[in-house]
Student: 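Submitted below is the structure of interest, expressed as structure tokens.
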Number of protein chains: 2
Amino acid sequence: MPVTMNDVARVAGVSAMTVSNVLTGRRVVSDATRERVEAAAEQLGYALNLTARHLRAGRTNTIALVIPNLDHPYFGELAARFDRLLRSTGRHLVVEQTGSRREAELSALNVARLRLYDGVLLSVVGMRSEEIATLRSDMPVVILGEQDVSNRFDHVGMDNVGGARIATSHLLSRGSRRILILGGAPEGDDASGMSLARTNGWRQAHHDAGMTPEDDLIIPLEIPSAEHGHATILRLVRDGFAFDGVFTVTDTLATGVLAGLSESGRRVPEDVQVVGFDSLDGSRFTVPPLTTIDPGHEEMATEALRLLDRLIERDEGAPRERVKPPARLIRRGSTR
Amino acid sequence: MPVTMNDVARVAGVSAMTVSNVLTGRRVVSDATRERVEAAAEQLGYALNLTARHLRAGRTNTIALVIPNLDHPYFGELAARFDRLLRSTGRHLVVEQTGSRREAELSALNVARLRLYDGVLLSVVGMRSEEIATLRSDMPVVILGEQDVSNRFDHVGMDNVGGARIATSHLLSRGSRRILILGGAPEGDDASGMSLARTNGWRQAHHDAGMTPEDDLIIPLEIPSAEHGHATILRLVRDGFAFDGVFTVTDTLATGVLAGLSESGRRVPEDVQVVGFDSLDGSRFTVPPLTTIDPGHEEMATEALRLLDRLIERDEGAPRERVKPPARLIRRGSTR
DNA sequence: CTGTTAGCGCGTTCAT
DNA sequence: ATGAACGCGCTAACAG
């Protein structure tokens, strides 16, 4: 059996209450008693039972981050960022992986309702907007990501349209004329909101320049993975498809594209310029280094926590907010 | 106030115990009562309080993975792997990041002792072997990584020497003669155990081939990051240092090296061959794709959980084990 | 098949 | 400065 406060109290010849006071420092204890208690605790190898404290306190000082996968650098970096911020306020981050499965996303929310977490940062992928709107919101929840969310939730997103527009304008200004959007959404496709928005930005950039992009430049993908990027770009090159620029909807995708272009002898940026989206850490060291869009990671993280804390403090009066930091271009060697 | 079992019991006209039985299915309940209880729970929006259940049960069905950082792909992939395995047995994974700080590593172990987790998978970096040996082991703990750990703990490591040897032999067999070991440990350096072991493997491979490698080929690094790999290789090339092969002690390092070689006009694998270590997902799509060493990730994960479960089941009699799966070479385009 | 009692370990409240 | 009592919400153990 584990050692409890009562055990320590007995050995120290005091009440459990006094032990608690020594440990938490919430009340003043005489030096003599303090020392006896500390000695007893040490001697018995006492360890606080956090589960009991949480039950008693009704809160756990733990925030859950619900994401699709940890083995995708995008989410790994996200988790690290939140961890840093929470740690600095003495709280814990717990990561739940959903594998993008609807049920897992729901169940993670549910676990939160089960009082294990004080709040949830939810990065939804498997659920559609309509479905999200039906979620119970009796827990502090902030939605992260590109979804168009019902106004029953706070939401921190990114400027997908603006970012894609900047990326594409950059390619145009550097002389690309046939710019693929890899992972884009053709008209009428039931692609993700992210894909749709970034395709719109790509289109807008062309309009800004007085151009109308050809629809065949929109290359949809099941999943924006490096594999798919790689395979797709190889196929296009082999088919003799004409293009001199690629805007990939994610950096991961760009990785595969750079690999594919290199294999097929296309030089970057001389023959083809490439721009990604996400500004992953690793994109600084691709060959060549990847020009990309920083959607404002740091601001998104701080804002998400601000909104979540507001809910945790039961500041119910405040209306739900939607935050969307400005995106900015990071210029590197994959463009001229 | 949240709804409790008692509230549900009152509305359904039964005892809390019966509500519990309906919810857990641990005892048979008549259909009539079951339905009343379910209706009441639904009506009140009841949600189980897991904190209370955990206190009562004395276990949480949660395993903690303690790692330095989530934004390093190596650890992201590790976390994803454990998450998959644990989820398949109905348990949860929680990730604690330590930033490689000694105190954080200790504190994570401590949180575990505080009954929040049933067991801990500890990836130590900030502590030295001697220090690990002094840790209390009154919790189910399995140590992961390259450390030489006291025999008071189960340990799952990798074959650093063997892997480095295979990597280097491969370079030698493909014609490299001056093979840098980037992130290596010079004689007498107080480098990490990982670094030392991989340097030994590099040396052994040379001896296997009847050669003795020059000591100036051992390039130590503070941190095996892409940045350092990049900067260091640029410097070496600029200084006119002679080499025609690089064994980087991690894949991340190799990323920086490939970028640096490309910038300075050295062709891979024609002028310089490169081999990494870790077999990260992303290494399939570097330019060129990276030849690397798979230390047996999958086996390491399953073994670690087997050992941990043994401890959780209080199978105290069993002696501590140390597992070290065989490493194998993954050949790709960065070598000939 | 259902209820009563009791306690997991802690900390708030009220008393001394 | 210290202690007693009580309850956070759940569930084993023991009735009946």
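Residue numbering restarts at 1 for every chain, and letters A, B, ... go by the order of the sequence lines.
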Student: Between A/Thr60 and A/Leu116, what is the shortest heavy-atom contact and its length?
Tutor: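 The answer is OG1-O, 2.9 Å.
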Student: Nearest whole Å is fine: how far is C/dG9 P from A/Leu48 CG?
Tutor: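 In whole Å, C/dG9 P and A/Leu48 CG are 12 Å from each other.
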Student: When you check the gap from the basic side-chain N to the acidic O, do A/Asp154 and A/Arg310 get nearer than 4.0 Å?
Tutor: yes
Student: Do B/His155 and B/Glu321 meet the criterion of a side-chain donor-acceptor pair at a distance under 3.5 Å?
Tutor: no
Student: For B/His54 and C/dC10, what is the distance between atoms NE2 and P respectively, to the nearest whole Å?
Tutor: 17 Å
Student: Over how many whole Å does the gap from B/Asn49 atom CG to D/dG7 atom P extend?
Tutor: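 It is 18 Å, rounded to the nearest whole Å.
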Student: For B/Asp83, check side chain to side chain contact (heavy atoms under 4.5 Å, CB included) against everything at least two apart and list the hits.
Tutor: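 With sequence neighbours excluded, B/Asp83 shows a side chain to side chain contact (heavy atoms under 4.5 Å, CB included) to A/Gln97, B/Arg87, B/Leu93, given in chain and number order.
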Student: Please give, in whole Å, the distance from D/dG7 P to B/Leu55 CG?
Tutor: 17 Å
Student: To the nearest Å, how far apart are A/Arg59 CZ and D/dG9 C1'?
Tutor: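 For the pair A/Arg59 CZ and D/dG9 C1', the rounded distance is 19 Å.
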Student: Below 4.0 angstrom, N of the basic side chain to O of the carboxylate: do B/Asp309 and B/Arg91 qualify?
Tutor: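 Looking at B/Arg91 together with B/Asp309, the answer is yes, because their closest N to O distance falls below 4.0 Å.
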Student: Any residue in residues 27-35 of chain A with a heavy atom nearer than 4.0 angstrom to DNA chain D? Just list them by number, or reply none.
Tutor: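 DNA chain D contact set from residues 27-35 of chain A: A/Arg27, A/Val28, A/Val29, A/Ser30, A/Thr33.
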Student: D/dC10 P sits how many Å from B/Asn6 CG, rounded?
Tutor: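 Distance check: B/Asn6 CG to D/dC10 P gives 8 Å.
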Student: Identify the two heavy atoms, one from A/Pro295 and one from A/Met158, that lie closest to each other, and give their separation to 0.1 Å.
Tutor: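 Scanning both residues completely, I find the closest heavy atoms to be CB-SD, 3.5 Å.
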Student: With respect to the phosphate group of C/dT12, does any side-chain polar atom (N or O) of A/Arg56 fall under 4.0 Å of OP1 or OP2?
Tutor: no
Student: Counting just side-chain N and O atoms, does B/Arg26 come under 4.0 Å of either OP1 or OP2 of D/dA12?
Tutor: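 For D/dA12, OP1/OP2 do have a side-chain N/O of B/Arg26 under 4.0 Å.
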Student: Tell me the interatomic distance from A/Leu50, atom CG, to C/dC8, atom C1', rounded to whole angstroms.
Tutor: 15 Å
Student: Going by number, which of residues 11-21 of chain A have a non-hydrogen atom under 4.0 Å from DNA chain D?
Tutor: A/Val14, A/Ser15, A/Met17, A/Thr18
Student: We want to know whether B/Asp278 and B/Thr250 form a side-chain donor-acceptor pair, criterion being a heavy-atom distance below 3.5 angstrom.
Tutor: no
Student: With a 3.5 Å cut-off and no angle check, do the side chains of A/Glu38 and A/Tyr46 form a donor-acceptor pair?
Tutor: no
Student: What is the distance, rounded to the nearest whole Å, between atom CZ of B/Arg10 and atom P of D/dG9?
Tutor: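 It is 11 Å, rounded to the nearest whole Å.
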Student: For B/Arg320 and B/Leu311, which heavy atoms make the closest approach, and how far apart are they?
Tutor: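 Shortest heavy-atom contact: NH2-CD2, 3.4 Å.
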